[in-house]
Protein chains: 2
Amino acid sequence: MPRPQALVTVDVVIFTVREDALQVLLVQRGAAPFKDRWALPGGFIREDEPLEHAALRELEEETGVRDVYLEQLYTFGDPTRDPRGRVITVSYFALIASDRQTLAAGTDAAAARWWPAGAPPPLAFDHREILEYGVERLRNKLEYTTVGFQLLPARFTLTQLQRVYEAILGRALDKRNFRRKMELLDILTPLDEWVREGTGRPAQLHRFSARQFARLKDKGILFPF
Amino acid sequence: MPRPQALVTVDVVIFTVREDALQVLLVQRGAAPFKDRWALPGGFIREDEPLEHAALRELEEETGVRDVYLEQLYTFGDPTRDPRGRVITVSYFALIASDRQTLAAGTDAAAARWWPAGAPPPLAFDHREILEYGVERLRNKLEYTTVGFQLLPARFTLTQLQRVYEAILGRALDKRNFRRKMELLDILTPLDEWVREGTGRPAQLHRFSARQFARLKDKGILFPF
DNA sequence: CCAAAAGTGTTAGGAGTACACCCATGG
DNA sequence: CCATGGGTGTACTCCTAACACTTTTGG
């Protein structure tokens with residue numbers, strides 16, 4: 001039985017929401033192939049390194065971003081996806097709060113910046129396909145998990161939360177229905193703090209309360225918007 | 001930058017429903033490591049072979065089973081999961097109708113047989129974990145897709161369909177509510193044929209009608225039992 | 001007092017769940 | 001006529017979706 005070895009990489013699709021838009025973090029490649037093209041942060045796994053560890057390491061090395069929500073996305077293994085030969089990539093899906101985007105271009109990448117997830121530049125390899133798969137996953141997960149909170153600071157207003165949902169789903173949500181749903185889910189704790197967004201009435205800050213998370217998960221769907 | 005090569009395998013968790021129970025297809029290993037242990041069908045990918053192709057090929061080689069519903073499940077890459085060294089496995093999830101289980105032990109496996117998915121024998125490697133992940137995926141997909149139909153012959157009775165759902169979900173469903181839901185979804189076409197199951201009144205045969213599938217997928221949840 | 005954003009309630013329709021009896025058939 | 005499995009309807013509850021005005025604040 002043949003046992004061909006393969007090169008294995010990890011690639012990370014990391015999202016944030018900034019200025020009411022879903023954004024994805026890309027790095028500009030400093031070496032061939034696809035030199036100067038934008039790409040998902042990622043790279044080769046090391047020996048004796050768990051896959052998830054490699055994803056977090058590459059993300060931090062190339063962008064300076066750490067402490068993110070991370071989960072495996074999909075494994076792409078088409079024999080022609082990398083001109084260098086057989087390279088299989090295990091892609092990961094990550095989220096980071098809008099207030100924790102401390103970018104720093106690293107050694108491997110000439111540059112790192114956020115791009116609109118819906119309008120990225122031309123991407124290296126099959127990274128466009130991976131990105132689209134990530135957007136789809138995010139939309140789906142939004143409906144039955146609490147991932148939306150991963151994209152916000154620890155303290156946030158209900159309007160900010162709604163904007164995150166609207167940015168990801170790509171459509172407007174009714175303010176009253178949105179708030180009633182959150183009230184019903186009982187996962188927000190109101191704080192004794194108010195902030196002024198622009199020039200109007202100040203909004204009350206809330207924090208996410210994981211207290212009820214297990215119960216809600218059992219019940220099934222969390223956010224059926 | 002280090003570029004360690006890795007061995008890449010595919011493993012297939014394939015389910016059927018037989019005798020009102022969810023069953024999984026396992027093969028008995030003929031070689032070390034874990035010789036004589038039961039394992040998921042699978043093996044090393046070939047050069048220039050797409051991952052999905054490898055999964056289908058290994059499944060047929062080891063069990064004789066072909067023409068199945070197949071989708072990628074998860075990639076397991078813990079450095080210690082295989083005593084031979086760094087082996088990453090891309091696992092696949094498959095379904096086959098109860099009337100198409102033409103098993104044939106192949107070259108790699110000493111034997112292949114169906115086991116109850118909830119009570120498998122001791123498994124090689126981390127295959128127990130992979131199996132449990134597959135069961136979870138099946139339960140989840142049942143609720144928002146039409147995978148249930150993959151487990152039935154082309155023509156089936158409503159009672160047979162309900163038994164499939166009950167076997168996977170592990171609980172009884174209300175007959176009237178189940179039928180109303182199927183009626184509402186409008187994905188079944190009744191045929192002018194009746195079969196007798198046991199000794200009672202004959203049941204009408206139906207077939208799955210993919211006609212409405214796209215519409216339903218847009219609508220979101222398909223089978224919220 | 002005005003502009004801007006926060007906050008708040010009601011109603012109607014659709015889906016889910018619980019529940020029990022009659023029907024058709026062969027032996 | 002009886003045993004066996006197939007097939008049917010109703011009432012209640014809960015969630016969803018549509019919809020507009022008042023409140024608070026700073027300038």
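Every chain is numbered from 1, with letters handed out A, B, ... down the list of sequences.
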Asks: Round to a whole Å and report the spacing from CZ of A/Arg179 to P of D/dT16.
Replies: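 Checked: the CZ to P distance equals 18 Å.
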
Asks: Which class fits the ring pair A/Tyr74 and A/Tyr133: parallel under 30°, tilted 30 to 60°, perpendicular over 60°?
Replies: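 A/Tyr74 vs A/Tyr133 ring planes: tilted.
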
Asks: Between A/Gln204 (CD) and D/dT25 (P), how many Å, whole number?
Replies: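 After rounding, the reported distance stands at 12 Å.
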
Asks: Specify the residue among B/Glu197 and A/Gly200 whose closest nucleotide of DNA chain D lies further upstream toward the 5′ end.
Replies: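 The 5'-side residue here is B/Glu197.
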
Asks: Separation of A/Phe178 atom CZ from D/dC15 atom C1', in whole Å?
Replies: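 From A/Phe178 CZ to D/dC15 C1': 17 Å.
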
Asks: Do B/Arg180 and B/Asn177 meet the criterion of a side-chain donor-acceptor pair at a distance under 3.5 Å?
Replies: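 Their side chains do contain a donor-acceptor pair, which is all the 3.5 Å distance test asks for.
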
Asks: Hey, what are the protein-to-nucleotides 9-12 of chain D N/O distances that come in under 3.5 Å?
Replies:
residue: D/dT10; atom: O4; partner: B/Arg180; partner atom: NH1; Å: 3.2
residue: D/dT10; atom: O4; partner: B/Arg180; partner atom: NH2; Å: 3.3

Asks: Take atom CG of B/Leu173 and atom C1' of C/dC19, then tell me their distance rounded to the nearest Å.
Replies: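 Going from B/Leu173 (CG) to C/dC19 (C1'), I get 15 Å.
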
Asks: Any side-chain N or O of A/Thr159 less than 4.0 Å from the OP1 or OP2 oxygen of C/dA6?
Replies: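 Yes, such a contact exists.
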
Asks: Just the rounded figure in Å: distance from C1' of C/dA6 to CD of A/Gln162.
Replies: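 Computing the A/Gln162:CD to C/dA6:C1' distance gives 11 Å.
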
Asks: Distance check needed: D/dT16 P versus A/Glu183 CD, whole Å only.
Replies: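 Nearest whole value for this atom pair: 15 Å.
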
Asks: Could you check A/Lys175 against B/Pro202 and say which one's nearest nucleotide on DNA chain D is further toward the 5' end?
Replies: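 Upstream on the strand: B/Pro202.
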
Asks: Quickly work out the B/Asp20 CG to D/dG5 C1' distance and round it to whole Å.
Replies: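 Nearest whole value for this atom pair: 13 Å.
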
Asks: Distance criterion of 3.5 Å, no angle test: do you see the side chain of B/Lys181 paired donor-to-acceptor with the base of C/dG16?
Replies: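 Per atom types, no contact qualifies.
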
Asks: Going by modelled atom types, is there a donor-acceptor pair between the base of D/dT23 and the side chain of A/Arg201 at under 3.5 Å?
Replies: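 Per atom types, the contact qualifies.
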
Asks: What closest approach, in Å, do B/Phe15 and B/Trp114 show between heavy atoms, and which atom pair accounts for it?
Replies: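 The pair with the smallest heavy-atom distance is C-CZ3, 3.9 Å.
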
Asks: Of all heavy-atom pairs between B/Leu26 and B/Pro120, which one has the smallest distance, and what is that distance?
Replies: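 Shortest heavy-atom separation between B/Leu26 and B/Pro120 comes out as CD1-CB, 4.5 Å.
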
Asks: Once you round it to whole Å, what is the distance between P of C/dA15 and CE of B/Met182?
Replies: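 So the CE-P distance, B/Met182 to C/dA15, works out to 15 Å.
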
Asks: Measure from the side-chain N and O atoms of B/Gln72 to the backbone N and O of B/Val90, and report whether any donor-acceptor pair falls under 3.5 Å.
Replies: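 No, the answer is negative, given that no donor and acceptor are paired below the 3.5 Å cut-off.
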
Asks: Can you give me the closest heavy-atom contact between A/Leu40 and A/Val12, atom names plus distance?
Replies: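 Distance-wise, the nearest heavy atoms are CB-O, 3.7 Å.
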
Asks: Nearest heavy-atom pair of B/Phe76 and A/Leu51: which atoms, and what distance?
Replies: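 In this case the closest contact between B/Phe76 and A/Leu51 is C-CD1, 4.3 Å.
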
